[in-house]
Amino acid sequence: MSRTTLDLWVGIFVAMGIAALLFLALKVGSISGSEIRSPYTLTAHFDNIGGLKARAPVKSSGVLVGRVEQIRYDNERFQAEVVFTVDGRYKFPVDTFANILTSGLLGEQYLGLEPGGEEKTLAPGETIKKTQSAVVLEKLISQFMFDKAAEGEPAPAK
Amino acid sequence: MGGLRKLGSVAIEVVWQLGFIARFFWLILVYSGQSFTRLNLTIRELYFSGVLSLLIILVSGLFVGLVLGLQGYEILQRYGSSDSMGTMVALSLLRELGPVVAGLLFASRAGSAVTAEIGLMKVTEQLKAMDMMAVSPIARVVAPRFWGGVISMPLLAAMFSTMGIFGGWLIGVVFIGIDDGAFWSQMQAAVDFRYDVLNGVIKSCAFGVAVSLIAVFQGYDCVPTAEGVSRAITRTVVSSALAILALDFVMTSFMFRGL
């Protein structure tokens with residue numbers, strides 16, 4: 001086989017391989033849209049994080065704004081400490097509310113940020129004060145049961 | 001006593017073999033400068049191990065994707081989440097099936113051919129003749145074949161995954177009628193470039209090095225008879241497959257721990 005046809009075939013092969021890699025990176029992995037640029041870290045404490053995991057998305061109004069970096073147990077406060085990064089393009093007020101929410105009924109858990117009304121924004125490394133824990137199904141059910149039971153009881157005699 | 005002696009001789013044999021492979025690998029790396037300065041040697045090997053493996057890789061990728069689509073739909077619709085079929089197909093191909101199946105196919109299609117070629121060169125004493133003419137057979141014969149395999153393996157694995165995702169899309173969107181937007185958007189939400197795509201590429205590079213090294217080594221090391229060559233080819237395919245599966249387990253346990 002002559003040199004030029006060999007070169008042509010190898011060229012086609014390499015071009016196809018690179019095209020496949022680009023397809024995987026851009027169309028399948030969506031490297032462009034969801035990539036977090038110049039991130040800064042924030043911290044939040046929760047009584048219960050439910051099934052939140054490291055690398056879970058951080059969303060505000062449903063838009064991905066960051067990722068959970070690290071989850072550890074704070075032995076002084078007896079609470080879970082969640083460290084997460086937020087895209088540097090987005091700033092949140094100091095009274096932002098952090099919730100642990102679930103996407104869909106069986107979906108993954110994510111950290112939801114609800115901005116408050118303050119003028120001052122959170123600086124890198126700061127801690128979010130207002131948090132709400134994950135909803136634990138057992139607690140919800142038992143609360144419901146106790147409420148029902150309390151309703152059914154006759155009013156205590158005065 | 002006899003058993004112990006046998007154990008000792010087996011251990012020495014294994015260690016000797018490992019040392020030989022390591023030295024051989026080192027020699028390939030030392031002489032690989034020539035396979036890049038005389039690029040036409042490597043391009044020839046890229047043609048033989050890469051381009052000629054294209055057809056089998058693309059066709060099997062497509063079929064693996066089609067099967068994943070059918071089986072995935074069958075299971076996912078039980079939980080009412082057939083929309084996330086794209087996620088399932090893409091993740092299983094990118095993380096495991098793409099590199100592993102492409103590696104196994106590559107070992108049996110290209111690795112065996114390389115072993116046969118080098119083995120036959122040894123039988124017909126071409127390697128010795130080269131040595132006599134002060135041409136290093138490792139630089140002239142072995143290194144280009146090694147690098148041809150190492151370069152083509154990640155490209156082939158990427159094409160395999162791409163064809164597989166196309167197959168899954170064909171079954172899911174075209175035949176079953178899952179929403180096209182949900183298929184792609186769920187996939188894009190779940191697939192992380194660094195975590196999933198890049199780790200898959202790293203895997204396929206490692207498999208490429210392992211398969212190519214085993215193939216050239218078995219050819220170079222074979223007993224120079226017709227039977228020896230056939231044994232070497234068998235050993236190439238068997239030990240490549242074992243190496244791929246074992247390496248895959250080790251790498252998966254480091255890469256994907258779900259933390």
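Order of the sequence lines sets the chain letters (A, B, ...), proteins ahead of strands, with each chain counted from 1. Quick caveat: nothing in here was measured; it's all calculated off a predicted structure.
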Can you tell me how far apart OH (B/Y47) and CG (A/L8) are? Round to the nearest 0.5 Å. 10.0 Å
How about CZ on B/F36, more than 12 heavy atoms from neighbouring residues, nucleotides or ligands closer than 6.0 Å, or not? yes
A/M16/B/L155 under side-chain contact (heavy atoms from CB on, under 4.5 Å): CA gap, chis, key distance, verdict: CA-CA 8 Å; A/M16 273 173 77; B/L155 299 175; over 6 Å; no
Can you tell me how far apart CD1 (B/I151) and CZ (A/F13) are? Round to the nearest 0.5 Å. 9.5 Å
CD1 of B/I165 to CG of A/L24, rounded to nearest 0.5 Å, is 5.5 Å
Select all residues of residues 52-62 of chain B having any heavy atom within less than 4.5 Å of some heavy atom of chain A, and report them by number, or 'none'. B/L54, B/L58
Separation between NZ of A/K27 and CE of B/M187, rounded to the nearest 0.5 Å: 9.0 Å
Would you say CH2 of B/W184 has more than 12 non-hydrogen atoms from neighbouring residues, nucleotides or ligands within 6.0 angstrom? yes
Using a cut-off of under 4.5 Å on heavy-atom pairs, state which of B/A90, B/S161, B/S152 scores highest against chain A. B/S152
Contact part of B/L94 toward chain A, heavy-atom cut-off under 4.5 Å: side chain, backbone, both or neither? side chain
Is A/F146 atom CZ crowded by more than 12 heavy atoms from other residues, nucleotides or ligands, each under 6.0 Å away? no
Is B/V197 close to chain A through its backbone or its side chain, or both, or neither, when contacts mean heavy atoms under 4.5 Å? side chain
Here the gap from A/F23 atom CZ to B/M159 atom CE, rounded to the nearest 0.5 Å, amounts to 13.5 Å
Quick one: CG on A/D7 to CZ on B/R44, what's the gap to the nearest 0.5 Å? 13.0 Å
